[in-house]
A.B. asks: 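One structure, as structure tokens, below. Some questions next.
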2 protein chains.
Amino acid sequence: MTGARKRAGEPVYRQVESELLRRIQAGELAPGQKLPPEPELAAEWGVNRLTIRHAIGELARAGHVNVRQGSGTYVAEPQLVVEFDLPQLPSTDADAGSTATIADYTRQDQTETLVHITDADTDVRAVAALEVAGPLLRVDTLVRAGGQPFLASGYWLDAARFPGLTATVGERIALFQALHERFGLRLRHAWRSLTATVATREDAALLDVPPGGPVMLREGINVDDDNVPTMYLRRRIRGDRIRFTMRYDTTETPSA
Amino acid sequence: MTGARKRAGEPVYRQVESELLRRIQAGELAPGQKLPPEPELAAEWGVNRLTIRHAIGELARAGHVNVRQGSGTYVAEPQLVVEFDLPQLPSTDADAGSTATIADYTRQDQTETLVHITDADTDVRAVAALEVAGPLLRVDTLVRAGGQPFLASGYWLDAARFPGLTATVGERIALFQALHERFGLRLRHAWRSLTATVATREDAALLDVPPGGPVMLREGINVDDDNVPTMYLRRRIRGDRIRFTMRYDTTETPSA
DNA sequence: ATGAATTTGTCCGTATGTATA
DNA sequence: CTATACATACGGACAAATTCA
């Protein structure tokens, strides 16, 4: 009898996935609503619980549902859209694109909290990007908007060059301000890179996304006035709830 | 005896995942090299094959390995980096950022092929974005660079407004050229949005990425000279192999 | 071109661990 | 503390795709 229902050609877990997605998109399962327990769904379709888990796992990675151990599986809330107005961009000021700037765009309650700080980090990519030998100062922060985790940032600096900075950077972070006031530094963009990746275990815990969920990964280097690479930064932005939109001014005539 | 090795706290599949990743990053498993078959790995660790599959599944989604049914699991090639020079951007010309432009940046052999074309599409997002009632003309293309799938694009237009366009757009696509020559149209950006998402089944097949793998999703609307929304486009870009880097001119002094 | 061997994909049943309510 | 619900793991079987003699 095993595999008897495979006749349709389409794998069972994908049939389950499609049907659950249909119920969500049709509103039969509303955002925030709890799905039936896995054993119940397994009984409904007459399949093994692993098959249900396979289907739910895909829905979770795609951001359609959130799974919480011991609690249940819930339909995800709709995506929050973050809009950027292009005329204000691009700027080479290093703090453009910082969280203060983002606050203007999102126009939402937003807090940046210190997650971790150390002056003895050895992240491989950061070391390579900054071209320094010694240990690095590392500041990890988390930005929440509307109470929800939004993006996670890491900033790396040469620890030897900025003694005592760890003590200055407190709960109210103001890293760029501290660099300016204490070391007379104004940083500019040297480069930024952007790609899509999947959430690591750490990203997932921090951003409250499913492991393997989509995140935008933005990396970059800031330089000082002498073009010395001074700060490496890496930001992970939730892909399931954040979308950057750039609106162009369409009133002007084509330029060329 | 079942579950006896769980005492370590860390799940077995994650231990396997970490160890395989270590071997890859240490170069013990070189890019392109085939991993041992799943049953062999299961025997090596003394675990069930499903546990191995769980580990390999995560590595595949993160882009570290490629799994091919009937063939084997292979270490992925390193990521291709696409560089944009910022002074050339942004432009509101609709064909900036088109594949011809990308060719300049990638400086690689690159071909765009027609995947599908129809004049009776009803994609929900496209219909909403274009604010038209009738069926849509839809052109799907695939861009390969260096022989590898690179990005997949979809273009939507009001079918009623562009009769006969399907016949014009052939294997050599030149969609923007056809719009200009046959309808006297010059399109400009109205908006673009960017987010990270996971590959759907169709994306995965087209782009040769694992289902659930990361892709950058770029959507947008182009308008004509009367600011009428004329073209909706949606592009999926492989996140596992493509990274956009923007280099800024660091010779100039800070502006403000 | 065929068919067997290899390798991954799907699915079943069962058991136990861990987090939450 | 107990019950519930998801997380991990075992063993077995067959299907589907690929490879290769």
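First the proteins, then the strands, lettered A, B, ... as listed; each starts at 1. The figures here come from the full heavy-atom set of this structure, side chains too, leaving out hydrogens, waters and symmetry mates.
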A.B. asks: Within this structure, what is the CH2-to-P distance between B:Trp45 and D:dG11, rounded to whole angstrom?
C.D. replies: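 The answer, rounded to whole Å, is 16 Å.
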A.B. asks: Hey, are the side chains of B:Ile242 and B:Phe150 touching, using non-hydrogen atoms and a 4.5 Å cut-off?
C.D. replies: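 Touching, per the 4.5 Å side-chain cut-off.
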A.B. asks: When only distance counts, do a donor and an acceptor, one from the side chain of B:Arg49 and one from the base of D:dA9, lie under 3.5 Å apart?
C.D. replies: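 When only heavy-atom distances are counted, B:Arg49 does not reach the base of D:dA9 through any donor-acceptor pair under 3.5 Å.
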A.B. asks: Closest approach of B:Leu194 and B:Arg218, non-hydrogen atoms and distance?
C.D. replies: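 Shortest heavy-atom contact: CD1-CB, 4.0 Å.
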A.B. asks: Output the rounded distance in Å from CZ (A:Arg53) to P (C:dT18).
C.D. replies: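 Going from A:Arg53 (CZ) to C:dT18 (P), I get 15 Å.
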A.B. asks: Round to a whole Å and report the spacing from CG of A:Leu41 to P of D:dA5.
C.D. replies: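 Whole-Å distance recorded here is 11 Å.
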A.B. asks: Using a 4.5 Å cut-off on heavy atoms from C-beta on, say whether the side chain of B:Asp208 contacts that of B:Gln148.
C.D. replies: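 Answer no - side chains too far apart.
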A.B. asks: Can you identify which nucleotide, out of C:dG9, C:dT7, D:dT8, has its nearest atom closest to the B:Glu38 side chain?
C.D. replies: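 From the listed options, C:dG9 comes nearest.
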A.B. asks: B:Thr51 side chain N/O closer than 4.0 Å to the phosphate oxygens (OP1, OP2) of D:dT8?
C.D. replies: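 For B:Thr51, the contact criterion (side-chain N or O under 4.0 Å from OP1 or OP2 of D:dT8) is not met.
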A.B. asks: Identify whether the distance between the nearest side-chain nitrogen and carboxylate oxygen of A:Glu58 and B:Arg201 falls below 4.0 Å.
C.D. replies: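 So A:Glu58 pairs with B:Arg201 through a salt bridge.
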A.B. asks: Taking the side chain as every heavy atom from C-beta outward, state whether A:Leu136 and A:Val127 have any atom pair closer than 4.5 Å.
C.D. replies: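 A:Leu136 reaches A:Val127 side chain to side chain.
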A.B. asks: How long is the line joining NZ of B:Lys34 and C1' of C:dT6, in whole Å?
C.D. replies: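 Roughly 8 Å, once rounded to whole Å.
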A.B. asks: Please test A:Arg125 against A:Asp123 for salt bridge (charged side-chain N to carboxylate O under 4.0 Å, His left out), starting from the C-alpha separation and ending with a verdict.
C.D. replies: CA-CA 6 Å; A:Arg125 292 184 68 88; A:Asp123 183 274; over 6 Å; no
A.B. asks: Strictly below 4.0 Å, heavy-atom distances to any atom of DNA chain C: list the hits from residues 63-73 of chain B, or just say none.
C.D. replies: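 Within this stretch, B:Val67, B:Arg68, B:Gln69, B:Gly70, B:Ser71, B:Gly72, B:Thr73 sit under 4.0 Å of the strand.
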A.B. asks: For A:Arg14 and for A:Tyr74, find the nucleotide of DNA chain C with the closest heavy atom, then tell me which residue's nucleotide is more 5'.
C.D. replies: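 It is A:Arg14, whose closest nucleotide lies nearer the 5' terminus.
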A.B. asks: From CZ of A:Arg201 over to C1' of D:dT8, roughly how many Å is that when rounded to an integer?
C.D. replies: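 Atom-to-atom, A:Arg201 to D:dT8, this comes out as 12 Å.
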A.B. asks: In Å and rounded to the nearest 0.5 Å, what is the CG to CG distance from A:Leu157 to A:Asp121?
C.D. replies: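 With rounding to 0.5 Å, CG (A:Leu157) is 11.5 Å from CG (A:Asp121).
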A.B. asks: Rounding to a whole Å, what distance do you find between B:Arg61:CZ and C:dG9:P?
C.D. replies: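 Going from B:Arg61 (CZ) to C:dG9 (P), I get 12 Å.
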A.B. asks: Given D:dA9, D:dC6, D:dG11, which nucleotide is nearest the side-chain atoms of B:Asn48?
C.D. replies: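 So the side chain of B:Asn48 is nearest to D:dG11.
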A.B. asks: Please state how far atom CG in B:Leu50 lies from atom P in C:dT10, giving the value in whole angstrom units.
C.D. replies: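 Between P of C:dT10 and CG of B:Leu50: 12 Å.
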A.B. asks: Using whole Å, report how far CD1 of A:Ile56 lies from P of D:dC6.
C.D. replies: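 Value for this atom pair: 7 Å.
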